[in-house]
Amino acid sequence: MVRNRTIVLVGKGRLGKALANSLRGHAHLRTTGGRVLAQHPKRLTQTSCTWILAVRDGALDGLVRAIAPVLVPGDVVLHLAGALGPEVLRPAQHSKASIGSFHPNFAVAENHPSAQVRLTGFLFEGDRAALSEARRIAKLTGSRVAVATHVDRARYHGAAALMATGAVALAQGATALFSTAFTPPPNEAWIRAATSSLLASVASNVARVGAFNALASPLMRDDTDTVARHLNAMNTTPEARALYKAALAVVLETLETHKTVRPETIQTARTLLQT
Ligand SMILES: NC(=O)c1ccc[n+]([C@@H]2O[C@H](COP(=O)([O-])OP(=O)(O)OC[C@H]3O[C@@H](n4cnc5c(N)ncnc54)[C@H](OP(=O)(O)O)[C@@H]3O)[C@@H](O)[C@H]2O)c1
């Protein structure tokens, strides 16, 4: 693949803008709106190029059918939807383009002008020529690529959603508890700083040692009294309590497997889960 071939990023939504910000200055980049291109399909460069379709999942089929007539051999067409494989891009393959599903495990929550996609794990599934471009683009964002030949999309995308949505749910639960835990009550800025620093420090631990070794819990000191007090204090916040218990159940499995705490600790904690 030519190192400086043009990347045409289609879609000015959350991920499209963030990916464009990461690639700008590092690649020969053109951007265009998704709906505009679907209605008026045209090439943005006369030489073969790499199209990244950053549009909502439901719009991919219509968009790829619309641009198929303007594709040329040597073009690469990638989409970013984790829930969909490369099949949705078949019309592009019929136009002799290479295709690939190229999903970043990265959450962009808002259409923020300076958001960037950085240091993530992309999953690629598709043609060899498309893989070469996927690798080049991932490298430009400091990211890694895993290459799959078969993907259980529901399981894979479920994992990404568990992480992205679950972490937000945990932050919401902690926010509810922090805001009623002391007087005078904390302001919004303090709560954001406290919850985000906890998330960021956990993220850094996971990056360094992996999810199973990143655990920090009173149970690791065989302290079940503290866990009992936590659960008791959460009686008035049932959603936070349900999250806490779900997390505790998973953590107990890990602790039991690794045999790092006393068996009585596990037993007492399991009893607490029934409360
Ligand atoms: N946001 C994330 O955290 C995230 C993470 C990983 C993967 N993804 C994937 O990235 C893709 C884009 O997601 P997003 O979060 O950026 O969505 P988004 O913010 O809702 O933006 C989607 C864009 O789709 C385009 N669009 C809507 N209807 C269209 C149509 N009928 N024809 C052509 N284009 C149309 C629009 O582009 P224009 O405004 O330019 O017309 C819109 O801005 C999706 O496949 C999603 O699954 C998102």
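- Side-chain N/O atoms of T50 and R5 include a donor and acceptor closer than 3.5 Å.
- When side chains are defined from C-beta on, L78 counts as touching F124, because their heavy atoms get closer than 4.5 Å.
- In this structure, the separation between NE2 on H230 and CG on D225 is 11.0 Å, given to the nearest 0.5 Å.
- Closest heavy-atom contact between P91 and R65: CG-CG, 4.0 Å.
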Inset, instruction - Could you check F106 against L19 for side chain to side chain contact (heavy atoms under 4.5 Å, CB included), going step by step and ending with a plain yes or no? - result: CA-CA 10 Å; F106 197 92; L19 193 53; over 6 Å; no
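- Remark: R270 does not engage E264 in a salt bridge, criterion side-chain N to carboxylate O under 4.0 Å.
- Partners of R43 under the side-chain hydrogen bond (donor to acceptor under 3.5 Å, both in side chains) rule, at least two apart in sequence or in another chain, are D75.
- Donor-acceptor pairing under 3.5 Å is lacking for the side chains of R229 and N232.
- When atom types are taken as modelled, the side chain of N187 and the backbone of W190 share a donor-acceptor pair closer than 3.5 angstrom.
- Salt bridge annotation for K17-E110: absent, with no cationic side-chain nitrogen under 4.0 angstrom from a carboxylate oxygen.
- Every residue two or more places apart in sequence or in another chain that forms a salt bridge (Lys or Arg N to Asp or Glu O under 4.0 Å) with R192 is listed here: E188.
- Residues H112 and S114 have side chains that bring a donor and an acceptor to within less than 3.5 angstrom of each other.
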Inset, instruction - List the steps, then state whether side chain to side chain contact (heavy atoms under 4.5 Å, CB included) holds for I137 with V145. - result: CA-CA 10 Å; I137 293 160; V145 184; over 6 Å; no
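- Checking Q93 against R90 by side-chain atom types alone, a donor-acceptor pair falls below 3.5 Å.
- Using a 4.5 Å cut-off on side-chain heavy atoms (C-beta onward), L89 and L53 make contact.
- The main-chain N or O of L231 is found under 3.5 Å from a side-chain atom of R241 such that the two form a donor-acceptor pair.
- Not one N or O on the side chain of N21 forms a donor-acceptor pair closer than 3.5 Å with the backbone of Q116.
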